Amino acid sequence: MSASNTNGSRAGAALTGMASRIDPATVGPAAALALMFIVYSVLSPHFLTVQNITNVLVQSAPLMILASGQTFALLMGGLDLSQGSIVSLVSVVTAGVMMHFGLPLGAAAGLGAGIGIGLVNGLLVGRARIQPFIVTLGMLYITAGAAMVVSDGSSIFGLPRPDVDYFFWFGGGFIGPVPVPTLIAVILIAAAHLVLTQTRIGRHVFAIGSNEQVAVMSGIDVGRVKIFIFLVSGGFAAVGGFMLSGRVISGQPLLGAGDILLQSIGAVIIGGTSIFGGQGGVLRTVIGVLVIAFMVNGLNLLAISTFAQQIIVGAIIILSVWVNTLQRRRT
Amino acid sequence: MSASNTNGSRAGAALTGMASRIDPATVGPAAALALMFIVYSVLSPHFLTVQNITNVLVQSAPLMILASGQTFALLMGGLDLSQGSIVSLVSVVTAGVMMHFGLPLGAAAGLGAGIGIGLVNGLLVGRARIQPFIVTLGMLYITAGAAMVVSDGSSIFGLPRPDVDYFFWFGGGFIGPVPVPTLIAVILIAAAHLVLTQTRIGRHVFAIGSNEQVAVMSGIDVGRVKIFIFLVSGGFAAVGGFMLSGRVISGQPLLGAGDILLQSIGAVIIGGTSIFGGQGGVLRTVIGVLVIAFMVNGLNLLAISTFAQQIIVGAIIILSVWVNTLQRRRT
Amino acid sequence: TQAQADAKEVAVMLPAAGDPYFKLKSCGYIEEGKKAGYDVKIYDAGGYGNLDKQVSQIQDVIQRKVSAIVLVPASSDGTVPVVEKAIDSGIPVINDGIATHSEKVSGFVGEPSYVMTELLAAYLADKLGGSGEIVMLSGPGGLDLTRFRVDGFKDYLAKYPGMKVVADKFTSTSSADALNTMQDFLQAHPGVKAVYTFNGPIAIGVVQALRAAGKKPGDVLVVTTDMEVETERLIEDGWIQATVVSQPVTMAQLAVRRAIEAAEGKSIPKETLTQASVITQSTVNAVDLSGQECQ
Amino acid sequence: MSDLANPAPTASETVLSIAGLSKAFPGVVALDGVSLDLHPGEVHALLGANGAGKSTLIKIVSGIYRADSGEIRIDGEPVEIRDAQTAQALGISVIYQDLALTPHLSVAENIFLGREFLTPLHMIDWKRTHEEARRLLDRVGIDIPTTTKVRDLGTGQKQLVEIARALGIDARILILDEPTASLSHAETDRLFELVHRLAESGVGMIYVSHRLEEIAPLVDRVTVLRDGRSVGTFPVGELDRRKVVSLITGHEGASTPAHRKRLPGEILLELRGLTRQGEFSDISLDVRRGEVLVLTGLVGAGRTELLETVFGARPADGGEIILSGTPISPASPRDAIGAGIALIPEDRRGRGVSVIMPVFANITLAALGRFARRFRLDLAQEMTHARKMIADLGIRTSSPLAPASSLSGGNQQKVALAKWLSTDAELFLFDEPTQGVDVGAKEEIYRLIDELAANGKAVVVASSDIEEVMEIADRILAVRKGRIVGEFDNRDLKASVVMDAITHGDAK
Ligand SMILES: Nc1ncnc2c1ncn2[C@@H]1O[C@H](COP(=O)(O)OP(=O)(O)OP(=O)(O)O)[C@@H](O)[C@H]1O
Ligand SMILES: Nc1ncnc2c1ncn2[C@@H]1O[C@H](COP(=O)(O)OP(=O)(O)OP(=O)(O)O)[C@@H](O)[C@H]1O
Ligand SMILES: [Mg+2]
Ligand SMILES: [Mg+2]
């Protein structure tokens with residue numbers, strides 16, 4: 001029976017969050033993470049310091065949030081390629097509106113815009129039944145274009161005081177010793193985890209990702225669930241974008257144009273959520289994000305040249321997942 | 001017997017894509033393409049000219065080749081995210097070697113490097129059994145880093161004559177009225193199509209993408225086929241990169257860093273090949289590429305502002321696929 | 001007639017119109033065109049990485065038979081073939097800021113990128129008395145522009161054995177990336193005295209990192225290039241010590257003017273260099289910013 | 001001990017001999033020291049309850065699983081069967097239980113997958129491929145075009161294609177894992193002829209089935225597995241049904257309960273001229289509460305399509321669906337479920353259960369509402385319910401948290417049943433409910449169906465298993481080529497009458 005639980009925890013644990021012992025899928029990335037910690041700590045006296053760990057947690061908070069949203073899309077067997085563009089759009093809309101109407105309205109408008117894009121994604125996937133890849137690829141361009149049009153292509157600086165200070169608070173402030181962005185990330189992750197493991201719609205997400213036909217035959221309103229999924233993915237991206245903008249107290253039309261989309265998807269998959277859907281969860285994603293965040297941080301501390309860094313990053317990504325494939329070498 | 005013959009021929013037709021009745025999946029993109037042609041021709045006198053059409057075909061040749069290779073990866077239910085980086089690596093290696101040892105060796109080294117990356121991808125996916133997404137994501141970074149290291153982060157120019165002229169010939173030369181890049185693209189596409197539809201390994205690609213477990217049960221050496229797939233994808237990316245470099249007669253460490261990867265994958269899916277594998281083909285991909293290429297060309301001719309362009313591009317992508325989903329309603 | 005490139009159109013090809021630097025310039029292009037009654041269309045390759053896209057765009061405007069092209073190449077050499085094609089088909093091409101490596105190019109209007117960052121290095125050497133730890137956020141790796149600026153800066157510093165570049169990294173021009181990287185650098189090199197940044201957005205990220213680390217303005221010297229609204233503010237507040245500017249808008253206007261002259265068959269100078277000057281807190285209000293914004 | 005029954009055959013006359021084969025999966029011992037001999041020309045039945053280890057044994061012999069211990073000999077030579085290629089090279093051919101076909105490839109391609117015909121130029125020889133495929137399909141008696149994509153086939157048709165594929169490999173050892181699970185008597189008889197002919201030509205065959213009535217006429221010897229152990233090998237002559245049942249279940253098989261007469265209530269479901277182009281046309285029928293109506297027919301008759309249409313999974317082209325007096329037009333299964341209809345699909349893995357989801361989640365998926373507290377699901381209650389169903393239906397799983405993929409075929413079918421029995425529907429549509437289910441469980445399922453009827457539910461069953469039909473039906477509708485060709489009241493009715501109708505009858 002003891003063995004039976006391990007067997008069970010594979011599919012069951014992620015789905016119910018009732019993992020008695022650790023989720024096998026996370027062994028690889030967790031090991032990679034541990035290894036990094038050891039190596040970096042040995043090589044750099046600056047790595048294992050409260051200050052540095054705090055930094056990394058703050059730095060990675062936006063990615064944590066994006067990736068948690070992305071997890072929903074992957075769990076249903078889809079993708080959300082528009083997250084990066086949403087970050088950019090939210091950034092310029094928030095700053096633009098804030099410039100004249102203050103933070104509250106700015107935030108409302110910015111987050112609203114991001115969620116709006118998510119809704120459009122959801123409707124196109126859930127109702128028009130177009131595949132997520134195409135929909136979000138299209139919205140990637142549309143949203144990026146919108147961000148450019150809104151900001152007329154230039155960054156928005158010089159936000160009014162005192163609003164700008166509150167704005168920064170969301171991106172880099174502290175409550176006592178606790179960094180605000182990290183706090184927000186933790187709350188959203190907890191919520192996402194709860195929804196996925198403890199609610200009906202969460203279960204439906206897994207069902208659709210596992211086998212959409214079966215989900216349909218079981219009377220699940222697949223369209224509705226898909227809309228929900230892209231609302232979450234877009235909404236989380238919006239919050240992440242808001243945070244990033246707060247950190248740099250400005251609206252930047254290219255804020256999400258960089259690596260962040262690839263990192264968001266990468267983190268989910270490194271964490272062990274299946275691209276084909278049905279298996280995984282946000283807790284796995286958290287580990288994936290930590291791998292990415294500490295990986296780069298350590299390399300920066302060691303002043304590894306940028307080019308060499310890329311090579312190492314790639315290697316770590318592959319290795320962290322390879323460990324898993326080694327485990328299941330049976331039957 | 002007569003029955004079986006008709007069967008045979010019909011199968012032949014359907015399978016070789018030379019179907020008497022057109023492949024339903026291509027209706028959407030084809031319609032989009034036709035519509036664009038009409039609109040653009042009306043709005044711009046410069047669009048429907050031999051010169052312009054030739055330009056676009058030359059411009060899109062490298063993408064044609066990349067996307068054809070990418071098609072293999074998607075047909076097996078995978079992805080090749082390293083194609084862009086391969087383009088960059090091939091570019092700098094070719095130019096670097098060419099600088100001192102001339103074009104033949106340069107070409108050999110460059111293409112060799114690209115194929116080498118493909119081989120590594122293949123071994124990691126086919127033998128180490130790591131999922132394609134992770135493998136090629138890792139190789140995306142590794143290869144990009146390698147390109148930077150090789151070129152020390154700056155582009156390589158001032159290539160020796162006369163080699164440089166032959167080099168350009170591959171990227172922009174003509175044989176009579178026929179542009180060389182287009183010619184090469186057509187040959188490679190034809191080859192890819194033949195392999196996929198008429199050879200054993202080609203059908204095995206479909207079988208794996210259709211249901212890997214069954215492929216294994218049928219005694220197919222899945223690992224070997226996967227290695228083959230990434231060799232093709234990487235090799236084609238290498239040729240594309242070689243062409244692009246020839247077109248700009250230099251080695252560019254960022255040559256593949258831009259949109260090209262997304263376009264390569266996008267073209268395949270717009271063309272109607274399923275992300276989940278098992279369904280599609282290079283002929284569909286060709287249409288996908290044409291949609292992308294003419295879309296942008298027309299918008300440039302119309303001098304639509306770049307920001308607006310992005311929005312239109314996104315819309316066209318979504319619409320071209322939507323048409324398909326409208327067809328198949330029932331069951 | 002939107003589509004018809006009636007004879008009076010100048011196409012301006014930018015590698016990354018989203019960059020504040022180019023935003024700044026774009027009004028210069030357009031206004032100058034208006035003055036001469038020319039229509040100016042701006043094309044954006046959407047990032048320095050998209051050389052291929054820029055080449056295609058140039059081919060497309062050759063199709064449109066525009067009167068002249070102002071080109072900020074995504075790559076000095078990568079654009080050679082297509083530029084020569086344009087010129088051969090009778091469309092003059094003026095380089096703005098970055099040169100295309102071809103004798104055929106009709107003209108070059110520019111800032112001496114190499115010299116500009118030399119000036120910054122000189123400024124720091126002077127401020128730090130020739131010794132101190134320096135970190136560099138060098139901007140997007142693999143660009144000619146980046147290369148010139150980094151070389152200018154490093155080559156000059158080489159004269160001062162006491163001034164060490166203890167860490168440098170190529171990052172995107174996103175403030176967020178710069179912020180993360182700078183935080184990491186501060187961890188590893190608490191004693192860092194000065195920071196070189198590729199441009200404004202990166203400088204802003206750096207300043208945010210310094211703020212987050214509880215530094216006061218001036219604790220760490222920050223130098224950058226170009227002059228944007230925010231850069232100016234940060235110089236006044238003492239967060240950024242110096243920036244080096246040529247006159248982006250003036251350049252833009254010159255480039256378009258030369259382009260039009262060439263299009264109208266006038267002969268134009270092969271090279272028109274603009275003035276590069278360092279701006280510090282003391283000079284920020286004094287210096288002539290006429291080249292910085294549109295009237 | 002298996003050899004007490006008959007003298008151990010010497011190597012020369014055993015084409016396949018398995019000794020002490022063991023295999024454990026996380027949480028279960030699937031096989032525990034199983035031995036078995038197969039003579040040339042012998043048809044050897046491998047029987048056992050769901051989860052007894054039959055398919056596992058087969059997958060080891062065909063190179064899909066690796067045994068933990070034990071030895072396999074071919075012609076007396078010890079062999080190591082590393083993968084499917086090796087197995088094929090050794091002349092072993094298998095008809096897998098969960099049909100091993102690739103959906104997106106054509107029937108012909110599937111038949112020759114991995115063994116393609118090539119032209120001298122190493123291109124695929126399509127003409128030959130399709131001709132040979134046609135020939136094989138004709139042998140198993142199915143007239144679908146060889147170009148049809150397998151995903152467009154119904155379960156029964158897939159089964160026949162799978163058989164054709166296995167026949168294509170001229171093997172010396174043919175293993176059939178529940179080949180008749182969703183076939184009706186006509187296709188089954190045809191299959192038996194083929195088996196006999198192969199036996200005469202010296203092919204040794206291992207035959208797995210839960211339809212015990214097939215055993216006597218077909219096989220020479222019987223090996224029974226129980227919980228992964230062999231309980232013996234017997235000449236078929238020494239066994240009667242009762243003995244077999246007790247060997248399989250481990251206790252004296254309670255003889256099947258006499259068919260209870262039921263008292264039908266008012267009409268719940270009426271179909272009026274229901275039609276779907278190319279699948280079925282002009283179907284009219286009534287089903288009363290407390291009644292069990294059985295639709296029987298040949299493979300491809302269209303019963304599945306009919307049921308799926310009533311369930312809203314396929315749009316009807318014409319006709320009416322009337323539920324307790326009011327016409328409904330369910331646009332989706334969701335609507336149908338809302339109206340109190342449940343459908344247990346025929347295609348277990350495609351539509352019935354999500355194999356990568358845990359067992360418990362599959363069981364509760366269609367009835368999550370029952371476990372929803374304001375925002376959250378009551379996981380504890382969910383588990384309790386799942387455990388109850390697992391016990392009731394005797395589902396053999398290592399844990400409710402185990403993925404359904406880790407269950408044996410029959411146990412997966414039980415999960416599908418458990419899932420729909422968890423809903424509180426009024427009208428139950430069962431499509432081949434007992435396919436691949438063992439004798440013990442079959443009785444249990446019949447009892448459950450009885451119970452549903454007794455509680456005033458209406459039950460429609462599509463079944464190809466004539467024994468089952470006679471066992472559970474109040475009324476029988478014979479379906480042929482998408483039309484109703486006969487209606488029978490199941491009193492003193494002869495099976496032959498029904499069989500005749502579904503094979504030859506034409507629409508009234
Ligand atoms: N891949 C697997 N992982 C874990 N357990 C498995 C796996 N495959 C089979 N089992 C277990 O091994 C046991 C035997 O399974 P098997 O499929 O051989 O039974 P079977 O005799 O074929 O049953 P059925 O008549 O239902 O097909 C079952 O308890 C099943 O749960
Ligand atoms: N080429 C095809 N395209 C689409 N559907 C097909 C095709 N061939 C068969 N089918 C469907 O598959 C069904 C065969 O499925 P199956 O063998 O399970 O019989 P069935 O339809 O379930 O009828 P029954 O349940 O009576 O056997 C056919 O009724 C038909 O509707
Ligand atoms: Mg079985
Ligand atoms: Mg059926």
Side-chain angles (χ1 to χ4, degrees), chain B residues 1-16 18-19 24-25 74-77 191 193-225 273-274 276-281 328-331, chain D residues 59 62-64 83-89 94 96 98-110 112-119 121-135 137-138 143 145-151 165 169 276-277 279 305 308 313-315 317:
Chain B
M1 226 19 0
S2 69
S4 77
N5 288 340
T6 46
N7 283 345
S9 54
R10 175 135 37 74
L15 286 159
T16 53
M18 310 161 188
L74 272 107
L75 279 176
M76 75 147 238
H193 178 66
L194 200 73
V195 168
L196 281 176
T197 56
Q198 302 297 332
T199 69
R200 177 177 279 166
I201 195 157
R203 301 315 295 169
H204 289 179
V205 172
F206 283 85
I208 292 172
S210 187
N211 183 334
E212 181 162 350
Q213 187 52 39
V214 170
V216 173
M217 288 184 170
S218 309
I220 294 174
D221 182 346
V222 171
R224 203 176 119 270
V225 178
T273 294
S274 157
F276 300 107
Q279 291 168 291
R328 49 157 171 72
R329 285 264 191 276
R330 196 156 188 265
T331 88
Chain D
K59 286 180 178 167
S62 65
I64 306 231
D83 50 26
Q85 286 117 302
T86 333
Q88 276 186 22
V94 183
Y96 290 103
D98 35 32
L99 311 166
L101 301 168
T102 60
H104 300 309
L105 297 187
S106 72
V107 167
E109 282 190 276
N110 270 282
F112 294 106
L113 187 57
R115 312 178 291 114
E116 294 79 3
F117 297 113
L118 298 183
T119 64
L121 296 171
H122 278 271
M123 297 287 132
I124 290 183
D125 184 340
W126 291 115
K127 190 162 179 299
R128 177 126 186 258
T129 305
H130 285 278
E131 283 170 4
E132 297 290 333
R134 177 81 267 149
R135 195 161 300 131
L137 290 178
D138 292 342
D143 62 356
T146 56
T147 52
T148 313
K149 292 243 191 307
V150 162
R151 63 153 184 267
R165 170 179 166 78
I169 306 167
R276 226 178 103 81
Q277 302 311 339
E279 289 173 1
E305 288 66 24
E308 288 187 353
R314 304 180 180 230
D317 295 332

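In the text below, chain A, chain B and the rest are named by the order of the sequence lines, each starting its count at 1. These figures come from a predicted structure and were not determined experimentally.
A pairwise comparison of heavy atoms in Asn211(B) and Leu101(D) identifies ND2-O, 4.2 Å as the closest pair. For the residue pair Ile220(B) and Gln85(D), the shortest heavy atom distance occurs at C-NE2, 4.4 Å. Between Trp126(D) and Thr197(B), the shortest heavy-atom contact is CZ2-O, 3.2 Å. Taking every heavy atom of both residues into account, His204(B) and Leu113(D) meet most closely at CD2-CD1, 4.1 Å. Of all non-hydrogen atoms in Leu105(D) and Ser210(B), the two that sit nearest each other are N-OG, 4.5 Å.
Looking at Arg203(B) and Glu109(D), a side-chain N of the basic residue comes within less than 4.0 Å of a carboxylate O on the acidic one, giving a salt bridge.
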**Prompt:** Can Ser274(B) and His104(D) be said to form a side chain to side chain contact (heavy atoms under 4.5 Å, CB included), step by step?
**Reply:** CA-CA 11 Å; Ser274(B) 157; His104(D) 300 309; over 6 Å; no

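Applying the ring pair (Phe, Tyr, Trp, His ring centres under 6.0 Å) test to Phe276(B) and every residue at least two apart in sequence or in another chain returns nothing. When the side chain to side chain donor-acceptor pair (under 3.5 Å) test is applied to Thr102(D), the partners found at least two apart in sequence or on another chain are Asn110(D).
Residues Val94(D) and Met217(B) are not in side-chain contact: their nearest non-hydrogen atoms beyond the backbone lie 4.5 Å or more apart. Between Gln279(B) and Arg151(D), the closest side-chain pair of non-hydrogen atoms falls below 4.5 Å. Proximity of Thr119(D) to Gln198(B): side-chain heavy atoms (C-beta onward) are nowhere separated by under 4.5 Å.
Counting only distance, with no hydrogens or angles, the side chain of Arg200(B) and the backbone of Glu116(D) share a donor-acceptor pair below 3.5 Å.
In this structure, the portion of Gln88(D) lying under 4.5 Å from any heavy atom of chain B is its side chain and not its backbone. Only the side chain of Leu194(B) has a heavy atom closer than 4.5 Å to any heavy atom of chain D. Contact annotation for Gln213(B): only side-chain heavy atoms (C-beta onward) come within less than 4.5 Å of a heavy atom of chain D.
The distance from atom CZ of Arg115(D) to atom OG of Ser218(B), rounded to the nearest 0.5 Å, is 9.0 Å.
For the set Ala89(D), Ala87(D), Pro103(D), the count of heavy-atom pairs under 4.5 angstrom toward chain B peaks at Pro103(D). Options Ala108(D), Gly63(D), Ala100(D) differ in how many heavy-atom pairs under 4.5 Å they form with chain B, and the most are formed by Ala100(D). Here Gly219(B) is the residue among Gly219(B), Gly278(B), Gly202(B) with the most heavy-atom pairs under 4.5 Å with chain D.
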